[in-house]
K.L.:
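I have a structure I would like to understand better, so I am pasting it below and will then ask my questions one at a time.
Quick caveat: nothing in here was measured; it's all calculated off a predicted structure. Below, chain A is the first sequence line, B the second, and so on; all start at residue 1.
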There are 2 protein chains.
Amino acid sequence: MFSKACKYAINSMVFLATLPEGQERAGLKEIAFAANSPEAFTAKILRTLVRENLLLSIKGPNGGFEISDEGRKTPLYRIVQVIDGDSIFKGCALGLQECSEKHPCSVHHKFKAIRDHLTGMMMTTTLQDMALSINTGVSFLKT
Amino acid sequence: MFSKACKYAINSMVFLATLPEGQERAGLKEIAFAANSPEAFTAKILRTLVRENLLLSIKGPNGGFEISDEGRKTPLYRIVQVIDGDSIFKGCALGLQECSEKHPCSVHHKFKAIRDHLTGMMMTTTLQDMALSINTGVSFLKT
DNA sequence: AATTTAAAGGATAAATTTATCTTTTATTTT
DNA sequence: AAAATAAAAGATAAATTTATCCTTTAAATT
Ligand code: FES
Ligand code: FES
């Protein structure tokens with residue numbers, strides 16, 4: 001469904017979103033541990049998120065990463081789009097170059113309904129929402 | 001969503017399912033062309049499907065592949081399961097080792113609904129259904 | 001200013017997926 | 001029986017994704 005890079009990105013962002021006001025900064029090591037992702041690979045992914053202004057990064061002692069205000073409000077959709085592109089939201093299930101009503105594949109109608117449901121869910125679920133669910137003990141970040 | 005190998009498998013099977021009674025056999029070349037898939041790679045995938053008894057293969061002159069009766073009735077679900085495994089139907093969206101109600105990730109409830117919808121659709125859509133939709137001109141196999 | 005800390009950047013490597021090519025085996029036709 | 005045909009099998013290669021490592025840059029502390 002999503003690439004590993006994308007899952008690492010989501011889990012890193014959600015972890016940062018769970019941190020309380022005033023101590024929202026975390027270092028790479030801490031993030032990678034919390035997100036269950038390999039450190040160096042995570043670093044690379046975080047830089048992408050920084051470039052997208054979803055994260056702030058601070059160098060030097062006591063440096064690290066913070067989720068930006070924008071990042072906190074960001075829907076899950078955006079993370080997936082940034083890391084994996086939007087083929088999962090737009091592409092044909094069976095590999096036709098274009099998914100369209102005009103030239104549909106043999107599962108288009110059934111598949112589109114599901115894909116749109118997924119898209120809607122991803123667009124309306126923010127990292128903040130996910131973090132809250134974790135902070136209230138309803139769900140979990142790690143296995 | 002699905003791997004290329006999986007899309008090639010589905011499109012090859014659907015193509016074979018579109019062939020009319022009495023001339024249901026096709027060679028690798030014809031199949032690969034119809035399914036828009038690379039020939040040698042397709043050959044490898046077809047062998048997997050033969051091993052699963054979803055296809056029959058005949059060597060020698062006028063040889064080729066035919067969809068088996070079992071294959072014709074097979075739900076799309078089975079092709080995906082054989083080629084990609086069932087992580088798409090069972091796995092956690094965010095990478096937790098187990099997807100479960102007891103230890104859910106932060107999108108579990110929302111995601112599970114969608115995933116189950118997908119699973120249901122894939123279980124109830126047979127290759128025959130897809131082939132019929134193509135044969136009646138409602139949908140298309142190639143771009 | 002010098003030292004330490006931690007991210008940025010870039011090079012490299014491992015693993016997996018996708019793709020191709022060559023030889024062997026089975027089958028049909030001559 | 002010999003030749004031709006087409007899939008099976010296995011080796012190899014290219015491309016992509018995942019992962020690690022090393023040097024540079026920026027910032028805080030001493
Ligand atoms: S054309 Fe295949 S999903 Fe729309
Ligand atoms: S635990 Fe993540 S989808 Fe079920």
K.L.:
Any base atoms under 4.0 Å from A:Lys29, or only sugar-phosphate, or nothing? Heavy atoms, all strands.
P.N.:
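Touches nothing.
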K.L.:
B:Arg47 CZ to D:dG10 P: how many Å, rounded?
P.N.:
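My rounded result for the distance is 9 Å.
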K.L.:
Does A:Leu46 reach a base, just sugar-phosphate, or nothing at all? Heavy atoms under 4.0 Å.
P.N.:
nothing
K.L.:
Can you figure out which of D:dA7, D:dT18, C:dA8 approaches the side chain of A:Lys4 most closely?
P.N.:
D:dT18
K.L.:
Could you tell me the separation between the CZ atom of A:Phe41 and the C1' atom of C:dG9, rounded to a whole number of Å?
P.N.:
16 Å
K.L.:
Can you tell which of C:dT20, C:dT29, D:dT18 lies closest to the side chain of B:Asn62?
P.N.:
C:dT29
K.L.:
Atom CG of A:Leu28 and atom P of D:dC22: how far apart are they, to the nearest Å?
P.N.:
16 Å
K.L.:
Expressed in angstrom and rounded to an integer, what is the separation of A:Lys59 atom NZ from D:dA28 atom P?
P.N.:
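About 12 Å, once rounded to whole Å.
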K.L.:
Please give, in whole Å, the distance from D:dC21 P to A:Lys44 NZ?
P.N.:
13 Å
K.L.:
Could you grab the distance from atom CZ of A:Arg25 to atom CG of A:Leu56, nearest 0.5 Å is fine?
P.N.:
9.0 Å
K.L.:
Is there a donor in the side chain of B:Ser133 and an acceptor in the side chain of A:Ser106, or the other way round, less than 3.5 Å apart?
P.N.:
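No, no side-chain donor-acceptor contact under 3.5 Å.
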K.L.:
When you match A:Asp84 and A:Gly60 each to their closest nucleotide on DNA chain D, which lands nearer the 5' end?
P.N.:
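Result: A:Asp84.
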K.L.:
Ignoring hydrogens, what is the shortest heavy-atom contact between B:Ile114 and A:Leu118? Give both atom names and the distance.
P.N.:
CD1-CA, 3.6 Å
K.L.:
Hey, what's the ring geometry for B:His103 with A:Phe140, parallel, tilted or perpendicular (30° and 60° as the breaks)?
P.N.:
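Parallel.
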K.L.:
Taking A:Ser3's backbone N and O only, do any of them form a donor-acceptor pair with A:Asp84's side chain (distance below 3.5 Å, no angle check)?
P.N.:
yes
K.L.:
Examine C:dA19: is either OP1 or OP2 under 4.0 Å from a nitrogen or oxygen in the side chain of B:Tyr8? Give yes or no.
P.N.:
yes
K.L.:
Counting heavy atoms from C-beta on, name the nucleotide in D:dA19, C:dT18, C:dA7 closest to the side chain of A:Ser57.
P.N.:
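Ranking D:dA19, C:dT18, C:dA7 by closest atom to the A:Ser57 side chain puts C:dA7 first.
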K.L.:
Hey, which sits more toward the 5' end of DNA chain C by its nearest nucleotide, B:Glu39 or B:Ile58?
P.N.:
B:Glu39
K.L.:
Nearest whole angstrom, please: distance from the P of C:dG10 to the CD1 of A:Ile45.
P.N.:
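These atoms are roughly 18 Å apart.
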K.L.:
From D:dA19, D:dT5, C:dG9, pick the nucleotide closest to the side chain of B:Pro61?
P.N.:
D:dT5
K.L.:
What's the closest nucleotide to the side chain of A:Ala40 if the choices are C:dA26, D:dC21, C:dT20?
P.N.:
D:dC21
K.L.:
How long is the line joining CZ of A:Arg25 and P of D:dA27, in whole Å?
P.N.:
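Answer to the nearest Å: 12 Å.
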K.L.:
Quick one: B:Phe2 CZ to C:dT18 P, roughly how many Å, whole number?
P.N.:
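Rounding to the nearest Å, CZ of B:Phe2 and P of C:dT18 are 14 Å apart.
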